[in-house]
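I have placed the structure first, in the form of structure tokens, so that the comments after it can refer back to it.
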Amino acid sequence: MAEKSMKEMTFLDHLEALRWMLIRSTVAILICAVVAYFFIDFIFSDIIFAATRPDFITYEFFCETTKYLGLDDESTCVKDFSFIIQNTNVGGQFSIFIWTCIAAGFILGFPYILFEIWKFIKPALYEKERKMAIAFVFVTSLLFFLGVLFGFYLVVPLSVNFFATFVVSDTIVNQFNVDSYISMVKTSLIASGLVFELPVIIYFLAKLGLVTAEFLRKYRRFAIVIILIIAAIVTPPDVTSQLLVSIPILVLYECSIFIAKVVVNNRLKNEQSSNRI
């Protein structure tokens, strides 16, 4: 049976399509979670707890950079972290194990989730746009994984370094709960990945006519404030960290303005061509 067009689908048809999209996406996440299970030692050692080691590449980069610039490297070169990560719940480590596999499954299965989203919205697109499925999945996945890497190499180490070295009294010893630490890592990675989807979100909003390049330029100052707030939420409360995180997001925002301009111009050209016909 030929696929129904968006106009022919009823509300219940949409709900049914959404239900199957969610089911298939959930199954994909669970399958990828099983795959992550076989690499769980690597995930914990080289990803989750990587930023707790002083020889992590980000710390070494900042240290070497400050030395190269002739600046004082005492505050930027990490020599040791005086904290421990502990488990205080009976089933804490088992729960962490399960949810870490699921989080890894979500990240690994993100391209397939995007493909399911594309299939769901495809009936509302023009024939020319339907052929862009591969490009959509590739670009959106690339942005997401770039965001995850951004979180891994910048957001997480900046957070760990700040909270591990910040003290209000020498009598207080930092003992971080493993639930809290891993939650911070997962949130930083996934949130960074989703934030990097800003150009894609703007593309679809522009296609729907909800935003334009002029609108984005007009409210740029408000966008900058929102971006700084987001950076303040996902990073430690120091200016350097917030600026390092804000700059890439601001670049993405400027790219989104260009994308919105291209989308609107193409829509106007198509409308003019239709009127001529």
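Interatomic distance, OG1 of Thr140 versus CZ of Phe138, reported as 10.5 Å (0.5 Å rounding). The CD1 atom of Ile29 sits 10.5 Å away from atom CG of Leu108, with the distance rounded to the nearest 0.5 Å. Atom CD1 of Ile31 and atom OG1 of Thr26 lie 11.0 Å apart (nearest 0.5 Å). Taking CD1 from Ile107 and SG from Cys32, the interatomic distance works out to 11.0 Å, rounded to the nearest 0.5 Å. In this structure, CZ on Phe106 lies 5.0 Å from CD1 on Ile113, to the nearest 0.5 angstrom. Taking CD of Glu116 as the start and CD1 of Ile23 as the end, the distance is 10.5 Å to the nearest 0.5 Å.
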Take Val160 and Tyr181 through the side chain to side chain contact (heavy atoms under 4.5 Å, CB included) test and state the conclusion after the steps. CA-CA 9 Å; Val160 171; Tyr181 174 82; 3.8 Å; yes
Please determine whether ring pair (Phe, Tyr, Trp, His ring centres under 6.0 Å) holds for the pair Phe222 and Tyr219, giving the CA-CA distance in whole Å, both sets of side-chain angles, and the decisive distance to 0.1 Å. CA-CA 5 Å; Phe222 298 102; Tyr219 293 98; 5.7 Å; yes
Kindly determine whether Leu30 and Val34 satisfy side chain to side chain contact (heavy atoms under 4.5 Å, CB included), including the steps that lead there. CA-CA 6 Å; Leu30 293 177; Val34 173; 5.7 Å; no
List the steps, then state whether side chain to side chain contact (heavy atoms under 4.5 Å, CB included) holds for Ile182 with Phe44. CA-CA 10 Å; Ile182 293 181; Phe44 276 111; 3.8 Å; yes
Run the ring pair (Phe, Tyr, Trp, His ring centres under 6.0 Å) test on Phe97 and Tyr37 for me, step by step, so that the C-alpha distance in whole Å, both residues' side-chain angles and the decisive distance to 0.1 Å come before the verdict. CA-CA 9 Å; Phe97 174 83; Tyr37 164 79; 5.8 Å; yes
What verdict does the side chain to side chain contact (heavy atoms under 4.5 Å, CB included) test give for Cys101 and Ile40, after you've listed the backbone C-alpha separation in whole Å, the side-chain angles of each residue and the deciding distance to 0.1 Å? CA-CA 7 Å; Cys101 286; Ile40 198 64; 3.8 Å; yes
Could you go step by step and tell me if Phe144 and Phe196 meet the ring pair (Phe, Tyr, Trp, His ring centres under 6.0 Å) rule? CA-CA 6 Å; Phe144 177 77; Phe196 268 59; 9.7 Å; no
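In this structure the side chain of Pro157 never reaches within 4.5 angstrom of the side chain of Phe152, judged on heavy atoms. Contact annotation: the side chain of Val178 never approaches that of Gln93 to less than 4.5 Å [non-hydrogen atoms, C-beta and beyond]. Side chains of Phe61 and Tyr153 form no contact here, defined as non-hydrogen atoms less than 4.5 Å apart. With contacts defined as side-chain heavy-atom distances shorter than 4.5 Å, the pair Arg24/Lys119 qualifies. Proximity of Met21 to Glu16: side-chain heavy atoms (C-beta onward) are nowhere separated by under 4.5 Å.
For the pair Thr52 (side chain) and Phe49 (backbone), a donor-acceptor distance under 3.5 Å is present. A donor-acceptor distance shorter than 3.5 angstrom exists from the side chain of Ser188 to the backbone of Met184, with no hydrogens or angles considered. Side-chain atoms of Asn87 come within 3.5 Å of backbone atoms of Asn89 as a donor-acceptor pair (strictly under, hydrogens ignored). With hydrogens and angles ignored, the 3.5 Å screen pairs a side-chain donor or acceptor of Ser141 with a backbone N or O of Val137. At least one donor-acceptor pair under 3.5 Å links the side chain of Tyr59 to the backbone N or O of Ala51.
Under the 4.5 Å side-chain heavy-atom criterion for ILVMFWY residues, a single connected hydrophobic cluster contains both Val139 and Ile201. In the hydrophobic cluster analysis, where Ile, Leu, Val, Met, Phe, Trp and Tyr join through side-chain heavy atoms closer than 4.5 angstrom, Val211 is grouped apart from Phe258. Residues Ile96 and Ile102 share a single hydrophobic cluster, defined by chaining ILVMFWY side chains whose heavy atoms lie under 4.5 Å apart.
Residue Phe136 is tested with Tyr203, Phe204, Phe115 for a ring pair (Phe, Tyr, Trp, His ring centres under 6.0 Å); the sole match is Phe204.
The residues Arg220 and Glu254 are annotated as salt-bridged, a charged nitrogen and a carboxylate oxygen being separated by less than 4.0 angstrom.
A pairwise comparison of heavy atoms in Asp46 and Arg53 identifies OD1-NH2, 3.9 Å as the closest pair. Annotation for Phe163 and Phe176: closest pair O-CZ, 3.7 Å, computed over non-hydrogen atoms. Here the closest heavy-atom approach between residue Leu216 and residue Ser256 is recorded as CD1-O, 3.9 Å.
Summarising the local packing, CG of Leu210 is surrounded by more than 12 heavy atoms from other residues, nucleotides or ligands at distances under 6.0 Å.
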